[in-house]
Participant: 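The structure under discussion is supplied below as structure tokens; questions concerning it will follow.
Start at 1 with the first residue, then count along the sequence.
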Amino acid sequence: MTDRARLHRDDVLRAALELLNEVGIDALTTRRLAERLGVQSPTLYWHFESRAALLDAMSAAVMLESRARLSPDPQQPWQDWLMADGLSFRRALLAYRDGARLHAGTRPGKAQHEPIEARLRMLHAAGFTPVAATTLLMSVGRFVVGWVLEEQSIQQPDALAAAAIPDATQYPLLAEGWAATVGGDADLLFERALRLLLDGAQARRR
């Protein structure tokens with residue numbers, strides 16, 4: 001049996017995601033992945049024509065695995081659904097090393113067109129134009145990716161603790177805001193920030 005015949009696409013994706021967690025996205029090469037799978041590098045190109053195609057497939061697999069970005073419930077308020085969707089998306093990206101970098105720059109394929117259309121229908125029914133609805137979905141997606149990119153870019157666990165805490169007597173506003181954000185609960189802070197974005201969209205819709 002040839003390498004190509006015994007190697008399944010899902011096996012490649014699973015091994016690639018495991019390798020991503022171990023070495024990070026910069027060190028994830030097709031040669032390294034082939035070694036992990038016990039095959040020659042050209043065998044991988046039977047399933048993925050390039051490293052970029054592999055990374056796109058890995059990103060899609062992460063979304064599917066976490067059940068993030070599901071189609072909305074028509075009975076659910078659009079704000080509630082987008083909030084839940086944003087929280088789920090963040091969890092999916094945080095589940096893997098360099099998850100945000102893996103997803104950044106990807107574009108939806110044909111398989112995602114119907115789910116996206118369902119979200120646009122929800123927002124259009126709520127009063128958004130197609131352009132405004134598309135802009136809102138794009139804004140939420142890029143907000144989440146950027147936020148997680150910052151979270152995953154901290155090189156040392158104690159980096160925040162080592163940061164210079166502002167003097168409350170000299171910078172009272174900064175000190176108060178710092179205590180509630182930089183030193184606060186990461187999940188709560190993200191939810192608060194996403195809510196601010198959605199509240200802005202609600203006000204603009206009116």
Participant: Specify the closest pair of heavy atoms between Ala34 and Leu44, including all atoms of both residues, with the distance to one decimal.
Facilitator: N-CD1, 3.9 Å
Participant: Test of understanding: clusters of I, L, V, M, F, W, Y form through side-chain heavy atoms closer than 4.5 Å, transitively. Do Met83 and Ile116 belong to the same one?
Facilitator: yes
Participant: Provide the closest heavy-atom pair for Leu120 versus Leu137 in the form atom of the first, atom of the second, distance.
Facilitator: CD2-CD1, 3.6 Å
Participant: Count I, L, V, M, F, W, Y as connected when their side-chain heavy atoms are under 4.5 Å apart, and connections chain through other members. Are Leu94 and Val23 then in the same cluster?
Facilitator: yes
Participant: What closest approach, in Å, do Leu87 and Glu191 show between heavy atoms, and which atom pair accounts for it?
Facilitator: CD2-CB, 4.3 Å
Participant: When you compare the side chain of Leu54 with that of Ser50, does any pair of heavy atoms fall below 4.5 Å?
Facilitator: no
Participant: With rounding to the nearest 0.5 Å, note down the distance linking CE in Met63 to CE in Met58.
Facilitator: 11.5 Å
Participant: Quick check: do Trp46 and Val12 have side-chain heavy atoms less than 4.5 Å from each other?
Facilitator: no
Participant: Could you tell me whether Arg36 and Glu22 make a salt bridge, using a distance below 4.0 angstrom between a side-chain N and a carboxylate O?
Facilitator: yes
Participant: So, Glu176 side chain and Tyr171 main chain: donor-acceptor pair closer than 3.5 Å or not?
Facilitator: no
Participant: Is atom CZ of Arg192 surrounded by more than 12 heavy atoms (other residues, nucleotides or ligands) closer than 6.0 Å?
Facilitator: yes
Participant: Kindly indicate whether the side chain of Val144, heavy atoms from C-beta on, has any atom under 4.5 Å from the side chain of Phe190.
Facilitator: yes
Participant: Looking at side-chain heavy atoms only, is the closest gap between Leu37 and Thr43 below 4.5 Å?
Facilitator: no
Participant: Just by distance, do the side chain of Asn21 and the backbone of Arg97 share a donor-acceptor pair under 3.5 Å?
Facilitator: yes
Participant: Donor-acceptor check, side chain of Arg204 to backbone of Ala132, threshold 3.5 angstrom: yes or no?
Facilitator: no
Participant: Are any of the side-chain heavy atoms of Leu197 and Leu82 separated by less than 4.5 Å?
Facilitator: no
Participant: Go through the steps to decide whether His124 and Thr129 satisfy the test side-chain contact (heavy atoms from CB on, under 4.5 Å), and finish with yes or no.
Facilitator: CA-CA 6 Å; His124 189 258; Thr129 66; 5.7 Å; no
Participant: Does Phe128 have its ring centroid less than 6.0 Å away from the ring centroid of Trp78?
Facilitator: yes
Participant: Any sub-3.5 Å donor-acceptor pair from Arg205's side-chain atoms to Ala126's backbone N or O?
Facilitator: yes
Participant: Between the side chains of Asp56 and Arg107, is the shortest nitrogen-to-carboxylate-oxygen separation below 4.0 Å, so that they form an ion pair?
Facilitator: no
Participant: To the nearest 0.5 Å, what is the distance between CE (Met122) and CD (Gln75)?
Facilitator: 12.5 Å
Participant: Between Ser88 and Ala84, is there a donor-acceptor pair closer than 3.5 Å when you use the side chain of the first and the backbone of the second?
Facilitator: no
Participant: Given side-chain contact (heavy atoms from CB on, under 4.5 Å), test Tyr96 with Leu102 step by step and report yes or no.
Facilitator: CA-CA 9 Å; Tyr96 287 92; Leu102 175 67; 5.7 Å; no
Participant: Look at the side chain of His47 and the backbone N and O of Leu7, then say whether any donor-acceptor pair between them is shorter than 3.5 Å.
Facilitator: yes
Participant: Should the pair Asp85-Arg119 be classified as a salt bridge under the 4.0 Å nitrogen-to-oxygen rule?
Facilitator: no
Participant: Return the minimal non-hydrogen interatomic distance between Pro72 and Trp81, and the atom names on each side.
Facilitator: CA-NE1, 3.2 Å
Participant: Going by heavy atoms in the side chains, are His103 and Val62 under 4.5 Å from each other?
Facilitator: no
Participant: Give me the atom names and distance for the closest heavy-atom approach of Asp167 to Thr169.
Facilitator: OD1-OG1, 2.7 Å
Participant: Roughly how far, to the nearest 0.5 Å, is the CH2 atom of Trp147 from the CG atom of Leu93?
Facilitator: 14.0 Å
Participant: Is there a donor-acceptor pair closer than 3.5 Å between any side-chain N or O of Ser59 and the backbone N or O of Leu55?
Facilitator: no
Participant: Quick one: closest heavy-atom pair of Gln152 and Ala100, and the distance?
Facilitator: OE1-N, 3.1 Å
Participant: So, Arg121 and Glu114, do they make that salt bridge, N to O below 4.0 Å?
Facilitator: yes
Participant: Check whether Thr134 reaches the backbone of Pro130 with its side chain - one donor and one acceptor, N or O, closer than 3.5 Å.
Facilitator: yes
Participant: Going through the distances and angles, do Phe89 and Val140 end up as a side-chain contact (heavy atoms from CB on, under 4.5 Å)?
Facilitator: CA-CA 10 Å; Phe89 189 23; Val140 171; over 6 Å; no
Participant: Less than 4.5 Å apart, side chain to side chain, heavy atoms only: is that true for Thr30 and Tyr45?
Facilitator: yes
Participant: Hey, does the side chain of Asp98 reach the backbone of Arg101 with a donor-acceptor pair shorter than 3.5 angstrom?
Facilitator: no
Participant: What distance do Leu33 atom CG and Leu19 atom CG have between them, rounded to the nearest 0.5 Å?
Facilitator: 6.0 Å
Participant: Taking CD in Gln79 as the centre, count heavy atoms belonging to other residues, nucleotides or ligands within less than 6.0 Å. Is the count above 12?
Facilitator: yes
Participant: If we only count heavy atoms from C-beta on, is the Glu35 to Arg31 side-chain gap below 4.5 Å?
Facilitator: yes
